[in-house]
Amino acid sequence: MHPLPAEFYARPVVDVARELLGCTIVHGRAAGMIVETEAYHEGEPACHAFVGLTERTRPLFGPPGRAYVYRSYGIHALLNAVCEPEGVGAAVLIRALEPIEGIEEMRSRRGVADECELCSGPGKLTQALGVELEHNDSDLGTGPVRFLARARRWEPGAVTAGPRVGITRAAELPWRFALAGNGHVSRPRPLGWRPAGRAAPARSRG
DNA sequence: CATGGGATTGACT
DNA sequence: GTCAATCCCATGC
């Protein structure tokens with residue numbers, strides 16, 4: 001596996017969000033496969049870049065292939081990959097990973113044992129990987145936090161899409177993407193998500 | 001300089 | 001289901 005080149009990110013952010021599924025994030029000895037993402041673009045009000053170029057949003061408008069890390073609710077660091085050509089404010093939020101390596105390190109950082117609780121959320125995965133605000137604006141190809149390419153394309157139907165989580169504006173856009181049936185996807189599960197090994201989700205009320 | 005609002009999580013009812 | 005924790009930054013005076 002090789003680091004994703006800048007050209008990979010210099011495309012429509014929704015395409016990048018979909019294609020980041022299955023890629024690997026490495027920080028130190030900890031690594032995980034991306035199983036859930038969300039796209040954000042300056043043209044819609046849920047994106048931080050919607051307000052224009054400020055000190056906070058500067059990385060979003062910078063060159064593609066770098067990290068945008070910010071603090072959420074005063075507690076969590078959230079990791080994004082900056083996309084689209086320089087000058088366009090857009091990024092993909094990494095929402096969940098399937099742990100691959102350094103799982104004991106992740107357990108230690110998270111303070112929980114259950115493997116499905118290590119990286120099943122945007123705040124959880126940064127804590128598990130040890131990603132912090134100091135990684136803001138670092139290069140995802142050559143810096144301490146690296147995004148590695150996946151080997152091949154997904155089968156049709158492997159990816160589900162749905163509305164983004166936790167936003168109040170532009171909530172109708174189906175810009176959340178996840179690997180269908182993967183147990184490391186965060187809550188709430190996207191529409192159409194199906195648990196692995198089951199024919200269909202239980203629908204009856206009682 | 002003061003204020004208000006989050007791209008969340010975990011604990012509790 | 002509800003709610004508090006707690007930091008950064010954009011905005012307005």
Side-chain angles (χ1 to χ4, degrees), chain A residues 9 12-18 20-21 25 32 34-62 64 66-84 88-99 106-138 140 145 147 160-178 183-191 193 205-206:
Chain A
Y9 303 93
V13 66
V14 171
D15 293 345
V16 179
R18 217 167 6 228
L20 274 175
L21 296 175
I25 301 180
I34 300 172
V35 299
E36 182 186 350
T37 61
E38 282 178 0
Y40 288 87
H41 188 276
E42 63 177 34
E44 44 90 12
C47 182
H48 290 174
F50 185 71
V51 299
L53 181 61
T54 67
E55 186 54 34
R56 179 198 204 192
T57 62
R58 185 176 47 78
L60 285 171
F61 290 92
R66 301 179 75 86
Y68 170 56
V69 184
Y70 72 98
R71 189 159 308 287
S72 173
Y73 291 95
I75 302 171
H76 308 100
L78 268 51
L79 171 65
N80 299 253
V82 174
C83 295
E84 309 242 356
V88 178
V92 173
L93 170 68
I94 309 302
R95 284 196 59 88
L97 305 177
E98 178 178 322
M106 292 185 182
R107 286 198 173 109
S108 170
R109 288 197 180 111
R110 290 274 298 122
V112 297
D114 183 356
E115 206 166 310
C116 288
E117 281 300 314
L118 295 179
C119 299
S120 56
K124 297 178 184 179
L125 70 91
T126 54
Q127 185 183 26
L129 287 176
V131 170
E132 252 301 337
L133 295 195
E134 66 189 82
H135 298 112
N136 188 34
D137 209 25
S138 67
L140 296 174
V145 180
F147 281 36
T160 62
R164 295 174 292 181
V165 179
I167 56 171
T168 56
R169 299 178 294 177
E172 73 283 359
L173 295 175
W175 284 6
R176 180 192 187 198
F177 303 97
H184 300 271
V185 172
S186 74
R187 309 292 182 83
R189 262 62 199 260
L191 204 61
W193 186 91
R205 200 177 58 84

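First the proteins, then the strands, lettered A, B, ... as listed; each starts at 1.
Side chain of R110(A), nearest nucleotide from dA7(B), dG10(B), dA10(C): dG10(B). The side chain of K124(A) lies closest to dG10(B) when the candidates are dG10(B), dC8(C), dA7(B). Nearest to the side-chain atoms of R56(A) among the listed nucleotides dC7(C), dT8(B), dC9(C) stands dC9(C).
Atoms CD1 (I75(A)) and P (dA11(B)) sit 12 Å apart, rounded to a whole Å. Rounded to an integer number of Å, the gap from E36(A) CD to dA7(B) C1' is 11 Å. The distance between atom CG of N136(A) and atom P of dC7(C), rounded to the nearest whole Å, is 18 Å. Atom CZ of R187(A) is separated from atom P of dG10(B) by 12 Å (rounded to the nearest Å). Taking atom OH of Y68(A) as the reference point, atom C1' of dC8(C) lies 10 Å away to the nearest angstrom. Whole-Å rounding puts the Q127(A) CD to dT9(B) P distance at 10 Å. H48(A) has its NE2 atom 12 Å from the C1' atom of dT8(B), to the nearest Å. Atom CG of D114(A) and atom C1' of dG10(B) are 14 Å apart (whole Å).
With hydrogens and angles ignored, the 3.5 Å screen pairs no side-chain donor or acceptor of T160(A) with any backbone N or O of P190(A). Judged purely by atom type and a 3.5 angstrom limit, E44(A) uses its side chain to pair as donor or acceptor with the backbone of A46(A).
Under 4.0 Å is where a charged nitrogen must lie from a carboxylate oxygen, and between R107(A) and E117(A) no such pair does.
For dC1(B), the paired nucleotide is dG12(C), the pair qualifying as Watson-Crick or G-U wobble because both relevant distances are below 3.5 Å. Of all nucleotides present, none satisfies the Watson-Crick or G-U wobble test against dT6(C) with each distance under 3.5 Å.
dA7(B) has Y40(A) stacked on its base ring, the centres lying under 5.5 angstrom apart and the planes within 30 degrees of parallel.
Between H48(A) and Y40(A) there is no side-chain heavy-atom pair separated by less than 4.5 Å.
Exactly one residue among H184(A), R176(A), R189(A) makes a side chain to side chain donor-acceptor pair (under 3.5 Å) with E36(A). That residue is R176(A).
The residue among R169(A) and L125(A) whose nearest nucleotide of DNA chain B lies closer to the 5′ end is R169(A). Taking for each of T57(A) and R71(A) the nucleotide of DNA chain C with the nearest heavy atom, the 5'-most of the two is the partner of R71(A). A residue-by-residue look at V112(A) and T168(A) shows that T168(A) has its nearest nucleotide of DNA chain B further toward the 5' end.
Using a 4.0 Å heavy-atom distance criterion, R164(A) is classed as making no nucleic acid contact. Within 4.0 Å of I167(A), counting heavy atoms only, lie sugar-phosphate atoms of the nucleic acid but no base atom.
Applying the salt bridge (Lys or Arg N to Asp or Glu O under 4.0 Å) rule to R169(A) yields no partners; only residues at least two apart in sequence or on another chain are considered.
Note on R95(A): a side-chain N or O is less than 4.0 Å away from OP1 or OP2 of dT8(B). At dA10(C), one or more side-chain N or O atoms of T54(A) fall inside 4.0 Å of OP1 or OP2 (strictly under the cut-off).
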